[in-house]
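Beneath this line is the structure, given in structure tokens, with notes to follow.
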Amino acid sequence: MAAVTAPSLAGARRLVVKIGSALLVEPDGLRTDWLRALCDDVAAWRARGCDVVLVSSGSIALGRRVLDLPPGALPLERAQAAAAVGQIRLARAYEEALAPHGVTTAQVLLTLEDSADRRRYLNSRATMQTLLSLGVVPIVNENDTVATDEIRFGDNDRLAAQIAVTCGADQLLLLSDVDGLYTANPKTDPTARHLPVVETITPEIEAMGGDPVSGLSKGGMKTKLMAARTAVAGGCAMAIAEGSVLRPLTAVTHGARATWFLPEADPQLARKRWIAAMKTRGTLQVDDGAALALGRGKSLLPAGVTNVIGDFGRGDPVAVTGPRGQRLATGLARYTADEARLIAGHRSAEIEDLLGYPARAALVHRDDMAL
């Protein structure tokens, strides 16, 4: 049987990179040279047409230094205070490191609720898609200043995986203080083998997860394997690589040791399957013109809707049927049923006047629709 080939980071179309605290922050402060070198890589990937999203730890580590807080675990309210102080410094550092390359940055703060709630999820997805379409590099972190223990991801490995799925990334790179997955802990077991490619995450693979090795890092191999499960199920290849070298993306591309987890499907195909499997909450009936447009891969605009059936909210799955009742698609509505009834049959330019507030042009966007 032929050996399985790992994906090429150089071939990524949309790349999410997670940066661990231990790589970015030292006891004396930010590793400025390392950050600049990372941003050199980010600019190089952007120049070749790849969208890049950075999921960066480090705000609490930076903030606790500014506030002179003691080492060790912090009570939630002190961790949130440290995050509030550190987050602004972290965002500014990325902005200053990418500005010389002509790259615009944006700060995006999320909580677990933003991915668990369908309406918030769709809003987050739309914002990320818009930022990337404008050539912006989003800097994402958990919103530690408001998140409680009950609504936290708890680590940026899983947050990065969720972001990768949300924005339809085809590759996710976790930069950490380890160079991948081993059959056992290589620091204590001399027979431990490095695994360059994992095709399927089996119970045996999950049993290889360990604990965090850094005092600054919250995520261990277990959280990385949990992230891998989320990523590959969403059609995204994921790699774990040691990131302390300068220009770590280039290093991985040139063969630095890493572990790749292979995706189960193309990210867009995986998303379409997810949507197609949903139980619909209502129906949008469309005319022949809209049916033809959907068949060509277009979004569903209000002008083509002739009837709205059922009671649904924003983000709920709805069936889209043709003029003779034939099922055309399943999609996620960007408007409530009441809003859809108000704008049905009208041009997108009229939506604001009809609803009384600015709104999106599509009733169901093509990215949120499975034919």
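Here the structure is a predicted model, which is why all the values come from computation and not from measurement.
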Worksheet entry | Co-membership, hydrophobic cluster, residues L174 and V245, 4.5 Å side-chain | no
Discussion item. Any heavy-atom pair between the side chains of L131 and V108 that's under 4.5 Å?
Written reply: yes
Worksheet item: With ILVMFWY side chains joined below 4.5 Å, transitively, what does M369's cluster contain besides itself?
Response: L284, V286, L294, L300, V305, V308, F312, V318, V320, L328, Y335, L342, I343, I351, L354, L355, Y357, L363, V364, L371
Discussion item. Determine whether a donor-acceptor pair (N or O, by modelled atom type, separation under 3.5 Å) exists between the side chain of H194 and the backbone of D179.
Written reply: yes
Practice prompt. To the nearest 0.5 Å, tell me how far D368 CG sits from T330 OG1.
Written response: 12.5 Å
Worksheet item: Between D316 and K279, is the closest basic N to carboxylate O distance under 4.0 Å?
Response: no
Worksheet item: Donor-acceptor pair, S21 side chain versus G58 backbone, under 3.5 Å?
Response: yes
Practice prompt. Check step by step if side-chain contact (heavy atoms from CB on, under 4.5 Å) holds for L38 and L175.
Written response: CA-CA 11 Å; L38 170 71; L175 293 178; 4.2 Å; yes
Worksheet item: Got a second to check how far L30's CG is from L24's CG, nearest 0.5 Å?
Response: 5.0 Å
Worksheet item: Are any side-chain N or O atoms of D287 and backbone N or O atoms of A290, one a donor and one an acceptor, separated by less than 3.5 Å?
Response: yes
Worksheet item: Has R48 got its NZ or CZ under 6.0 Å from the middle of the six-membered ring of W45, at an angle within 45 degrees of the ring axis?
Response: yes
Discussion item. Using a 3.5 Å distance criterion without hydrogens, assess whether the side chain of Q171 forms a donor-acceptor pair with backbone atoms of S8.
Written reply: yes
Worksheet entry | Atom pair CZ/OG of R360 and S348 - distance to nearest 0.5 Å | 13.0 Å
Discussion item. Looking at every non-hydrogen atom in both residues, tell me the closest pair between L35 and A97 and how far apart they are.
Written reply: CG-CB, 4.2 Å
Worksheet item: So which heavy atom on A6 is nearest to which on W260, and how close?
Response: CB-CD1, 3.5 Å
Worksheet item: Are any non-hydrogen side-chain atoms of H346 and D353 less than 4.5 angstrom apart?
Response: no
Practice prompt. Would you check, one step at a time, whether the test side-chain contact (heavy atoms from CB on, under 4.5 Å) holds for V103 with V42?
Written response: CA-CA 9 Å; V103 176; V42 172; 5.5 Å; no
Worksheet item: Side chains of R125 and D367: does their closest heavy-atom pair fall under 4.5 Å?
Response: yes
Response to the item:
Besides L292, the hydrophobic cluster formed by Ile, Leu, Val, Met, Phe, Trp and Tyr side chains linked at under 4.5 Å, directly or via other members, contains none
Discussion item. For D288 versus P323, what's the shortest heavy-atom pair and its separation?
Written reply: OD1-CG, 3.0 Å
Item to complete: Take M128 and I163, measure what side-chain contact (heavy atoms from CB on, under 4.5 Å) needs, and give me the verdict at the end.
Response: CA-CA 9 Å; M128 293 290 289; I163 290 297; 4.0 Å; yes
Worksheet item: Does V252 belong to the same Ile/Leu/Val/Met/Phe/Trp/Tyr cluster as L54, with side-chain heavy atoms less than 4.5 Å apart forming each link?
Response: yes
Worksheet item: Does D51 offer a backbone N or O that forms a donor-acceptor pair with the side chain of R13 under 3.5 Å?
Response: no
Fill in: T200 (side chain) donor-acceptor with T202 (main chain) under 3.5 angstrom
no
Worksheet item: Going hydrophobic residue to hydrophobic residue with side-chain gaps under 4.5 angstrom, can you get from L173 over to V137?
Response: yes
Item to complete: Mind checking the NZ-OG spacing from K18 to S176? Nearest 0.5 Å is all I need.
Response: 5.5 Å
Worksheet item: Does atom CG of D189 have more than 12 heavy-atom neighbours, drawn from other residues, nucleotides or ligands, at distances under 6.0 Å?
Response: yes
Worksheet item: Is D177 close to S244 at the side-chain level, that is, under 4.5 Å between some pair of heavy atoms?
Response: no
Practice prompt. Determine, stepwise, if the pair D41 / T250 fulfils side-chain hydrogen bond (donor to acceptor under 3.5 Å, both in side chains).
Written response: CA-CA 7 Å; D41 268 350; T250 297; 2.5 Å; yes
Item to complete: Flag the pair L246 / D40 as yes when at least one side-chain heavy-atom distance between them is below 4.5 Å, and no otherwise.
Response: no
Discussion item. Given 3.5 Å as the limit, does a donor-acceptor pair link the side chain of Q285 with the main chain of G322, or not?
Written reply: yes
Fill in: Expected output: side-chain R64 to main-chain P70 donor-acceptor under 3.5 Å
yes
Discussion item. When you group the ILVMFWY residues by side-chain heavy-atom contacts below 4.5 Å and let the links chain together, are M226 and F261 in the same group?
Written reply: no
Worksheet item: Which heavy-atom pair separates R14 from A169 by the least distance, and what is that distance?
Response: O-CB, 3.3 Å
Worksheet item: Rounded to the nearest 0.5 Å, how far apart are CZ of R247 and NE2 of H254?
Response: 9.0 Å
Worksheet item: Around R314, counting heavy atoms of other residues, nucleotides and ligands shown, do more than 12 lie under 6.0 Å from its CZ?
Response: yes
Discussion item. Keeping T259 on the side-chain end and L181 on the backbone end, is there a donor-acceptor pair under 3.5 Å?
Written reply: yes
Worksheet entry | Interatomic distance, L109 atom CG to N141 atom CG [nearest 0.5 angstrom] | 6.5 Å
Fill in: By ring pair (Phe, Tyr, Trp, His ring centres under 6.0 Å) - contacts of H101 (at least two apart)
none
Worksheet item: Which atom names give the shortest non-hydrogen contact between R229 and I201, and what distance separates them?
Response: NH2-O, 3.0 Å
Item to complete: Please confirm whether the backbone N or O of L23 pairs with a side-chain atom of R31, one donor and one acceptor, at under 3.5 Å?
Response: yes
Worksheet item: Would M278 and L332 count as a side-chain contact (heavy atoms from CB on, under 4.5 Å) if you check the C-alpha gap in whole Å, the side-chain angles of each, and the deciding distance to 0.1 Å?
Response: CA-CA 10 Å; M278 290 180 168; L332 304 182; 3.6 Å; yes
Practice prompt. Can you see which heavy atom on S59 is nearest to which on L90, and at what distance?
Written response: N-CD2, 4.0 Å
Discussion item. Can you confirm whether E95 sits close enough to Q107 that some side-chain heavy atom of one is under 4.5 Å from a side-chain heavy atom of the other?
Written reply: no
Worksheet item: Would V53 end up clustered with V232 when hydrophobic side chains under 4.5 Å apart are linked, directly or stepwise?
Response: yes
Fill in: Heavy-atom side-chain proximity of T230 to M238 below 4.5 angstrom
no
Discussion item. Just so I know, are the side chains of M208 and T183 near enough to count as touching, which here means a heavy-atom distance under 4.5 Å?
Written reply: yes
